[in-house]
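A, B, ... follow the sequence lines: proteins, then strands. Residue 1 opens every chain. Heavy atoms only: backbone and side chains are in, while hydrogens, waters and symmetry mates are out.
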Protein chains: 2
Amino acid sequence: MEQQTERRMTRHRQVILDEIRKSTGHPTASEVYEMVRKSLPRISLGTVYRNLQILSESGILRTLETGGSKRRFDWNLSGHNHILCVRCGRVDDVGYDLKPDVEETIGSICGYKVTGYLLAFKGLCPKCRNMR
Amino acid sequence: MEQQTERRMTRHRQVILDEIRKSTGHPTASEVYEMVRKSLPRISLGTVYRNLQILSESGILRTLETGGSKRRFDWNLSGHNHILCVRCGRVDDVGYDLKPDVEETIGSICGYKVTGYLLAFKGLCPKCRNMR
DNA sequence: TTACATGCAAAATGTTTGCAAAATC
DNA sequence: GATTTTGCAAACATTTTGCATGTAA
């Protein structure tokens, strides 16, 4: 029997969450760190990482996988996908979902029990596509 | 004007490529390193990384993005996607493609010039789904 | 004989962890 | 007061890089 540890909504945790919710993009851990440092100058990067993990595990945040090397975080929990600018790294939301029966279809092809999928588009964002 | 550097197919490079082509899975850099070390005991990890990058840039290998933390390599260049076992890390091929006009559709929604997408499934592989 | 390739080790990058002190319930 | 959270710094995992030496055309 696993004992669920109690989680406290500390000021640090709340500020981290607020900053992500305020952000329009999908910040990385170090971007969150920089944002949060304005109101909590003595916070450490480790604390940011720990809180991002806790908030993700609690289902309050979503951890993005867009194929880049850095992890990004999203406050928007609804089912949606992302598009990554290959030039500047910006990430936006896009609403595009596979057919609902994809998981069964794929499962029957390869023998896996499919639990989800990762769909991320790549391209040039509006700003970068107009740059030469 | 960019000068394309000449590439030589050295023994090291050839052995790395052969080992990946022999492999059934989708090895990571350190797995390739271990495989190659059997015939080239003095090869260094750095050389493996450099050659994997060169082979990928040349279009001889494909670099996989499955959302995990490690990069994997694939000799199969045909358009196909991957499925990752969340328990043991195994990666298999699956043939599933989005509609050919997805890129235009997505582009017109979000203003990006879409150049590609990353689609990877997740689940439990046949072995792991039968484990308790 | 001039590039390109290699081994080695150090550096860079992104993330996690151990621990004593501090904050929270 | 017991337990969680924090700051700090060190550890960690993966990948990249600098440089002197080696090798192939």
Side-chain angles (χ1 to χ4, degrees), chain A residues 2-20 25-58 60-73 84 89 91, chain B residues 2-20 26-58 60-74 84 89 91:
Chain A
E2 295 244 338
Q3 173 72 39
Q4 171 69 39
T5 56
E6 184 208 339
R7 294 297 180 199
R8 294 172 184 166
M9 183 51 78
T10 59
R11 176 151 153 66
H12 284 46
R13 194 114 85 213
Q14 188 66 57
V15 170
I16 287 170
L17 183 54
D18 289 347
E19 285 296 332
I20 293 175
H26 301 78
T28 61
S30 56
E31 285 167 354
V32 173
Y33 177 56
E34 288 307 326
M35 284 152 49
V36 167
R37 230 136 72 95
K38 288 169 190 152
S39 34
L40 300 171
R42 295 189 46 74
I43 197 172
S44 72
L45 227 202
T47 298
V48 172
Y49 270 103
R50 266 185 290 232
N51 279 306
L52 289 173
Q53 185 177 325
I54 288 167
L55 290 167
S56 296
E57 281 169 2
S58 320
I60 298 172
L61 287 182
R62 183 174 156 194
T63 301
L64 301 196
E65 297 181 292
T66 52
S69 60
K70 297 184 205 158
R71 206 173 296 162
R72 288 175 178 274
F73 298 88
L84 170 74
V91 177
Chain B
E2 295 244 338
Q3 172 73 42
Q4 170 67 37
T5 56
E6 185 206 339
R7 293 300 180 196
R8 296 172 184 163
M9 184 49 79
T10 59
R11 177 153 154 64
H12 283 48
R13 194 114 84 213
Q14 188 65 58
V15 170
I16 288 170
L17 184 53
D18 289 348
E19 286 296 332
I20 292 175
H26 302 77
T28 61
S30 56
E31 285 166 356
V32 173
Y33 177 57
E34 289 306 326
M35 284 153 50
V36 167
R37 232 136 71 95
K38 287 170 189 152
S39 33
L40 301 171
R42 296 187 44 74
I43 198 172
S44 73
L45 226 202
T47 298
V48 172
Y49 270 103
R50 266 185 289 233
N51 279 305
L52 289 172
Q53 185 177 324
I54 288 168
L55 290 166
S56 297
E57 281 170 359
S58 321
I60 298 172
L61 287 182
R62 183 175 156 194
T63 301
L64 300 196
E65 297 182 290
T66 52
S69 60
K70 296 184 206 159
R71 206 174 296 163
R72 289 174 177 275
F73 297 89
D74 194 348
L84 169 74
V91 177

Considering non-hydrogen atoms only, spot the tightest contact between B:Leu40 and B:Arg11 and give its length. CD2-NH2, 3.8 Å
Would you indicate, yes or no, if C:dC4 has its OP1 or OP2 atom less than 4.0 angstrom from a side-chain nitrogen or oxygen of B:Arg50? no
Just to confirm, is there a sub-4.0 Å distance from OP1 or OP2 of C:dC25 to any side-chain nitrogen or oxygen of A:Arg7? no
In whole angstrom, give the distance that lies between atom CD1 of B:Ile16 and atom P of C:dA5. 12 Å
Is any side-chain N or O of B:His12 closer than 4.0 Å to OP1 or OP2 of D:dT23? no
D:dG7 phosphate, OP1 or OP2: any side-chain N/O from A:Thr47 under 4.0 angstrom? yes
Just to verify, what does B:Ser44 make a side-chain contact (heavy atoms from CB on, under 4.5 Å) with, not counting sequence neighbours? B:Thr47
DNA chain D nearest-nucleotide lookup for A:Gly46 and A:Asn51: closer to the 5′ end is A:Asn51
Sole residue of B:Met35, B:Glu31, B:Arg37 in side chain to side chain contact (heavy atoms under 4.5 Å, CB included) with B:Glu19: B:Met35
How many Å lie between CG on B:Leu45 and P on D:dT15, as a whole number? 9 Å
How long is the line joining CZ of A:Arg13 and C1' of C:dC25, in whole Å? 13 Å
Can you tell me if the side-chain N/O atoms of B:Thr10 get under 4.0 Å from OP1 or OP2 in C:dT6? yes
Value in whole Å for how far the C1' atom of D:dT14 lies from CZ of B:Arg72: 13 Å
Taking CD from A:Gln14 and P from C:dC25, how many angstroms apart are they, rounded to a whole number? 12 Å
Report yes or no: is there a donor-acceptor pair, N or O only, under 3.5 Å between the side chain of B:Arg37 and the base of C:dG7? no
Has the side chain of A:Arg8 got a donor or acceptor that lies under 3.5 Å from a partner of the other kind on the base of C:dT24? yes
For A:Tyr33 and C:dT16, what is the distance between atoms OH and P respectively, to the nearest whole Å? 16 Å
List the steps, then state whether side chain to side chain contact (heavy atoms under 4.5 Å, CB included) holds for B:Met9 with B:Leu55. CA-CA 10 Å; B:Met9 184 49 79; B:Leu55 290 166; 4.2 Å; yes
Please confirm whether the shortest side-chain N or O distance from B:Tyr49 to OP1 or OP2 of D:dT15 is below 4.0 Å. yes
OP1 or OP2 of C:dT16 less than 4.0 angstrom from a side-chain nitrogen or oxygen of A:Arg71, does that happen here? yes
Would B:Phe73 and B:Thr63 satisfy side chain to side chain contact (heavy atoms under 4.5 Å, CB included), going step by step from the backbone distance to the final call? CA-CA 5 Å; B:Phe73 297 89; B:Thr63 301; 3.7 Å; yes
Value in whole Å for how far the P atom of C:dA22 lies from CG of A:Leu40: 18 Å
Rounding to a whole Å, what distance do you find between B:Leu52:CG and D:dT14:P? 14 Å
